[in-house]
Structures are given as structure tokens and as C-alpha cells.
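Right, one structure below, let's go through it.
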Amino acid sequence: MQSYNAPEVEKKWQQKWKESGLHKANLENPEKPKYYNLTMFPYPSGDKLHIGHWYNYGPVDTWGRYMKMKGFEVFQPMGFDSFGLPAENYAIKTGVHPAETTRTNIDKMKEQIAAIGGMYDLDLNLETSSPEYYKWTQWVFLQLYKQGLAYRKEAPVNWCPSCMTVLANEQVNDGICERCKTQVVQKNLRQWFFKITAYADKLLDYTGLDWPEKTILMQKHWIGRSEGNEADFRIAEAAGKTVRIFTTRFDTIYGTNFVAVAPEHPNLMDYVTEGQRSAVEKYVQDSKKKNELERQMGDREKTGVFTGMHAINPMTGSEMPIYVADFVLMYGTGALMGTPAHDARDFLFAKTMGLECPQVLVTAAGEVAEDNVKEWKESLHEYGILVNSGPYTDMRTEEALKLMTEQMEREGWGKQVVNFRLRDWLISRQRYWGAPIPIINCEKCGEVAVPDSDLPVVHPHVEDYVPKGTSPLATVEEFVNVKCPTCGGDAKREVDTMDTFVCSSWYFLRYPDAGNSEQAWRKERVNTWMPVDMYIGGPEHACMHLLYARFIHQVMHDLGHVEAKEPFKRLVHQGMVTKDGAKMSKSKGNVVSPDEFVSKYGSDVFRMYLMFMGPFTDGGDWNDRGITGVARFVDRFYRMMQEDGTGEAMDGVVHQTVARASEAVKSMTFNVAIASLMELTNAALKGGLNKAQKEIVTKVLAPLAPHLAEEVWAELGHSESIFKESWPEAEAKFLVKTSVTFAVQVNGKLRGTVDLAPDVSKEDALAAARASENVAKYLTGEVVKEIFVPGKIIGFVVKG
RNA sequence: GCUCGGAUGGCGAAAUGGCAGACGCGCUAGCCUUAGGAGCUAGUACCUUCGGGUGUGAGAGUUCAAGUCUCUCUCCGAGCACCA
């Protein structure tokens, strides 16, 4: 008997698949229903493919092959996110120019990805750092620019002193640079932004998307929509001047007893008396320093300084002090009304400032509230019925808010507004390895867009690309100095590059028409293939790539460039593979190298073990020994296929396996699918399968272990690829059993089992159960209830 | 602090409210081989007076029946973090 030689067999089939074009979809004219199966493209990092790559690409390929066998024209492309910090930092580390490292790394990765044996289309050669791609990234930029959705402004931005560039809010976690873990500082700089806030409401619409609930929640929270009111409070000491506050709970206005303003508030000095000026200025300086050093860390103590002036409560006319306080952010209007009874932070602030902690509880369960609040009460946060609120007393919060809004609008001192936490997307970077921003600055004409016909703005070669705080492109005179496209006079190019997330926010639109030199994509082509039917990638992109991509896609949709509203119809996040429960990292020295195991056991075994560890979305913990179980299974499976049997009494098991495996693959619990095949193999090694049964089983195995399945399929006498076959259906007639084991319970406890026909009547079943010796023993008292669940349970409830 | 997840043998894990622990790792015994990822057979939650009893983080509840549904709590993980 032959034993299975994985390395040889896998090489053979990878070659054959390549020759037959298994990885190619008919993009122009799909005859079957299309299925766009996409994995987030990798950046070429220079290290070998790690377990994380495999954990993604293996199962994604399994899914694609399954969909292919389900009768779809599967498009499964892969390219490289080759512009950006990872590639550039790798180049800086090695001292080799990024253009060179990117090239060699991509070539190396392509080889390694090929060794997985997936049907990924790498021939499209999509690389974001190539001029034929970034030409269209620049075009996308200009599409936004022409709509006023790309603009430049000076603003306080996040600056990473190590990466020597600005960063988007999304790339800063806990005040730390997401890439290099350095403390980020705030700087006022003139930078390029995409106006993603204009799409905030549209981005909150997830209709028709099959996405993980958690991801949607995270995005919703990041976008942070909140409805409320803005209202002007007059300043007692300065006639005609007002301070505008934002609140979501204007109904609590009768409990307001101070106003607090952010230190960064542009009109802060309008609210400061001469006497308090130096104190306020000092506070502002101190809080700026705090901003830079430890704003995020630790102390939640509320601080602030009295400005000397007072605001007038627009409802009651009473005066209250105005403070500058750094717990107030430049969110909303940068000023808030302090209502200690209803907001925990206001309560704390009032306490530290020695303010009276009042007095009126605006809402309660309808009863008159206590006069004084000594302790913070969470319940006062909620909507309720107003008390001590003048004409609004006894109203429900919703009603009071409505009437108060009407009043302020009528009297002209306030209105209803919607605020978002989402900030505009900062896209310019002072780094070398990115797409140049296609803008020219002319002394006469100002900011001028590079005409589409002049694209691409070629990324120049620079020898000294090490970041210094300004873009390295600025050092290339022939790049910088240009003629103005409008007036022909001397002008200078924009030297900043675009954030790599811009490159990756539209690549899925390029794949179906990659290589098109006339346009970013043909509309018909993209409308045939978009939206992406299945998008698989890590959950860490929830509020970055996945949000940006939706935004850009929605803009393209609104401009009529693509029919689909949303880019990704279904989204799945793969889990993480750990080692001994810890995240794998070089510094911990617990990195598992796939290559070693792949060369030992083969790609099929490696991929299957990753899938066998647990549910795909959960990830799993790597165990060097665990893989042997899957290796043994492959041997056993191959052996089972070599043995000829009559297949007697095996039809039920085979079709049972088809049913279970189909269900499992469909729900991406590949571990269960593999387990069901193992069970079948264990059973079949005793009985033996006939040829028809072997064929069915091999088809089930095919997406999970493509090389092995293809080999076995050929040995069964087929000359065409198994991936031209359809996924098998479990036939009902084989699933019908002649006898089923019923569990018999008395008072909920298992007392025995009886084997009966599956369609046995209730009466016969109960009689059979009663007759069972062990059961009869427990049927001593009066039977008050009889339970019969066909095929499963016979139960008695006995009294006494 | 807020918002989500999660907790089942020594380990990874299964289980439309219906016989908990499928499948695999590891372990034990035996067989066959003794160079390799060996192979095959049987066993493997706990207690037991061998009748049975107890077991899915803890405690309550619903139900004939709960790992699964409801409430309270503990612990672990992830995300957000002064957003008024």
C-alpha cells in the first residue's frame, strides 16, 4: 500500500492548478452567480509569513473553494498594501531603500502564499506603491477634493516624535502611537483632512450588512452621534456677550449652577475679568503641559479656575460662576452647563470647587426630590419627570426637551443640534513612502489640483528617506518646482504624502479591473462584482480601515462611480492564534514558524490544524503536538481511500457526515467539519467504503484539504479537478434510521434507554419505556405527566 | 467608569431546551514492530457501600427537562475612555 507523500503531491497539484487557471475568475462575463471572496491584503513586511497570515489565508481559501463548489464564480484576489509605515520602517531598519525592500519582500511573499496552495489570484499584481495604482489613489483624492471633501486646515493634531509625522485620531491609542508605541504630542499644524464627518449619518446606516454586531457597535460608538441643544447664556459682567454651551439634557437646566469652559476655547478670554486674567492664563498653560505629558494617565481629579464672570441661566435668570476647567473638551461648543445633581463629573467638579451641591433635582420618579444631594446618585442620570422646574414641572423629560427647544428657538437663544465624536480624517503624512498628494501651490492661483491628465504625480526617488519632521519629498527640487497648471507661473508641489489607509480604502474597487490604464475602474466591471460578498480580516480594523473604506466607497457611490452603497456585504473577523495563551511576539520568543511544520506535514495538515483548533472567529492556542492528530487523520483518510469495501450500512454515516459538515462549513466552524470527517474515517476503517461513498466524502474534504482531495479524486479515476464538482447534498433517504435510541427520564432523571423505530407512536413508545426493567423500578407512584419527543426523549413525571 | 464577549475533563474543544464531554491532544494497559510524524486494540470527569449518587465559574429562578432561557454576583478577555 502506498503512503501519502504530502510534499510531492502538494507541489504537483499547485503546479496543475496554476496551469489550469483554477485561481482565475471570469471577470468579464461570469456565467455563474458571482462571489467576491476577499481577505484584507497584507503589507510586505520582510518577515516570513507568520501564523496570523496562515490563519487568515487558509480558512479564507477553504471558504472560497466551498463557495466555488456551491456553484459560484469565485473571485479571490490578493495584492499588497505596499506603501506606508511598515514598509518604510522596515527599510529604515535594514538600510535598504524601500523601493527595493518592497520589491524583494513582495516576491518572497508571493512564493510563500503560493505554497499555501490557495486559489488566490496574485497575477493581478495589485501593489499600492506602484505608479499604475497610486495614480488612481491620487484620482480618488481629487474626486474628494473637487467635492470639498478634501481640505487643508490648521488644527491641533497628533504628532509622533518617533515616526516624525502626524497621525490620525484612529492611529492613537491611549496617547500612544499605534505603530511605534511612542507618546504622541499635540501640535498646531496645517494639514490635509478628509471630511468624513460629512458622512457621519450615512456611516451610521448598516442596513443590509451582515456584520458582527460588536464591530457595528464599535463603529457606532466611534462615530458617537448625540442629540442635544446648544444654548447661549448671557454674561452678567459683559453686556451683549454670551457663552454658548452644548448639552444633551437641557431639561436639567433648573439644576444648573455653574458654567465650565475648555482651556482651548477660542473665546475664553471674553469671559475673564482683569483680576482673574493671570490665574486663568496660568491654568491654561498648565493644562497644555498636562496635555502633552499625562493627560491620559491617572488622575481624574477635576481642576479649574474661576474666570471672575457670571453667566445668566436663560430659564431662571439667576447668575452662576463661569470656570475654565480641563475636564471640558473642545467637543460640542467647548463649554457646558454644570448640573451637579445630574452628571457625575459636574458633581465632582462642584465638590472640589466648594460649590453648593444643589438643591433641585430636576427629574425623579415623579416625587418631589431631596433638597440636597450629598452623594452622587446614578439614578438621577435617567429620564424621568421634572420637579422644581417652573412651568416645566411634572412634565416628562421627552416632553420638556421638546417644549424647551421650542422656547429657545422662538426666543432666539438656542437650538437643537446633533454632535458627533467622529473627527475629520487627517490624511497627510510627513513621510517618504506614500502616495504624493496631487496638489500644486501657486503664488498667484493658490491651491491648484493637478489635472487628471497629469496623473500620476510620480513619487520621486530619494536617497535620504529617514524622517526628519518634514516630508523627504521636499528635498527633491525637480519634484517640488513645477509650473502652475492654471497660469503657467512658478509654483510648488505639495510635498506631504497620503496615509496608507487612503491607499487601502479603495483597493477592492480596483481588483475587478486591475491593470486598467485608462481609468480607476470600469463601471460595468465594478458593478458586476461589487459589493464584496465576504470580507475577512482582523477585528483591529473596526474603526480604521473598515470605517475609511466605507466612507470612500460611499463617496464613490454618491458620485455615481459604483452602484453598491456599501463595499462589504458580509464581514467576518478571524480570531488570534496564541502560544501558551500569550500573543506571539519576537520579544517574548514564542513565535511559531509555519514553514517548519509545513515542510514536515504539508500545507493541508497545517491549514487543517489551524482550523481544527477551534472556531475560526475565536482563534486558538498553538500546540506543537496537537498537529499530530490532524497528520494522523490525513494518513488514515488516505488509507481509507485505498481500501475497497462494499459500503454496506455506511450510506447513513456518509450522508450524516455530509449534513454535519455542510452545516459546520457554512457557519465557519471548520473544527466541527473536520471532526465529523474524522468520525467518519474511524467508522469507515472498520467497514470500508464503496466508490460512490468515497467520492462524496472526498468532495466534503476538498475545501479543507484541497491537495489531498485532488489526489484522491484522481486516484478514483477522475481526470478533471474536483473543484469542478458540486458540493454534495445529504440525501434524506439515507438519513432515515431504522432504529433510534430514546432516552427515558423519570422526573427529569435518566433511567434508561430504549431502541425504537424513529416513527414509533407515542403509545408504543411509552409502553416500551414502561416495560424496560430499570425504568419500571422508578415508576412507583402515580404518573401525572407523560412526555414524548419523537426521536429523543420519553419522560414520566411521578408523584409521591 | 462605560460597552461588548467569555468561563464545560490534565489540555484544545463538541452539544436546534432533550443521554454533557463528539472529535483531537495527552495519559494507562496490551498487541505488533523495535531508526524516523509509527500502527492497531481497549480504557481515560468525580465519588461510590457497585444499587447508585454528583458534576458545565458561584448563587437563585423558569421548566417534566437548563451548559443552553431569566435575574444577582465573581473572575478573565477585548474595545472605548472626562464626548456633557
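Each chain gets a letter, A, B and so on, in the order the sequences are listed, and its residues count up from 1. Just so we're clear, the structure is a prediction, and the values are computed from it rather than from any experiment.
A perpendicular orientation is assigned to the rings of A/His545 and A/His541, their planes being inclined by more than 60° (bins at 30° and 60°).
Using a 4.0 Å heavy-atom distance criterion, A/Asn671 is classed as a sugar-phosphate-only contact. At a threshold of 4.0 angstrom between heavy atoms, the contacts of A/Pro539 with the nucleic acid are absent.
Of the charged side-chain nitrogens involved, at least one lies within less than 4.0 Å of a carboxylate oxygen, so that A/Arg225 and A/Asp201 count as a salt-bridged pair.
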Kindly list each side-chain donor-acceptor pair under 3.5 angstrom involving residues 786-794 of chain A, sequence neighbours excluded, with atom names and distances?
unit_1	atom_1	unit_2	atom_2	d
A/Glu786	OE2	A/Arg770	NH2	2.5

For residues 656-665 of chain A, dump all side-chain donor-acceptor pairs below 3.5 Å to protein atoms at least two apart in sequence or in another chain.
unit_1	atom_1	unit_2	atom_2	d
A/Thr657	OG1	A/Val653	O	2.8
A/Arg660	NH1	A/Glu679	OE1	2.7
A/Ser662	OG	A/Val658	O	2.7
A/Ser662	OG	A/Trp727	NE1	2.9

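Applying the 3.5 Å distance criterion, the base of B/C82 shares a donor-acceptor pair with the side chain of A/Lys302.
Taking a pair as Watson-Crick or G-U wobble with both distances under 3.5 Å, RNA chain B forms stems of 3 or more consecutive pairs at B:1-7 with B:74-80, B:10-12 with B:23-25, B:26-31 with B:39-44, B:45-47 with B:52-54, B:57-61 with B:69-73.
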Within the 4.0 Å limit for protein heavy atoms, which parts of nucleotides 38-55 of chain B are touched? Write it as a string from 5' to 3', B for base, S for sugar-phosphate only, - for none.
-SS-----------SSS-
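Scanning for side-chain contact (heavy atoms from CB on, under 4.5 Å) contacts around A/Ala705 gives A/Asp604, A/Met608, A/Leu701, A/Leu708, with sequence neighbours left out. Partners of A/Asp755 according to the salt bridge (Lys or Arg N to Asp or Glu O under 4.0 Å) rule, which considers only residues two or more places apart in sequence or in another chain, do not exist here.
Checking A/Tyr601 against A/Thr669, the closest nucleotide of RNA chain B that is more toward the 5' end is the one next to A/Thr669. For the pair A/Ile627 and A/Gln745, both in contact range of RNA chain B, the more 5′-proximal nearest nucleotide belongs to A/Gln745.
Listed nucleotides B/C64, B/A78, B/G24 differ in distance to A/Phe612; the shortest reach to its side chain belongs to B/G24.
The environment of CD in A/Glu540 is crowded: more than 12 heavy-atom neighbours from other residues, nucleotides or ligands sit within 6.0 Å.
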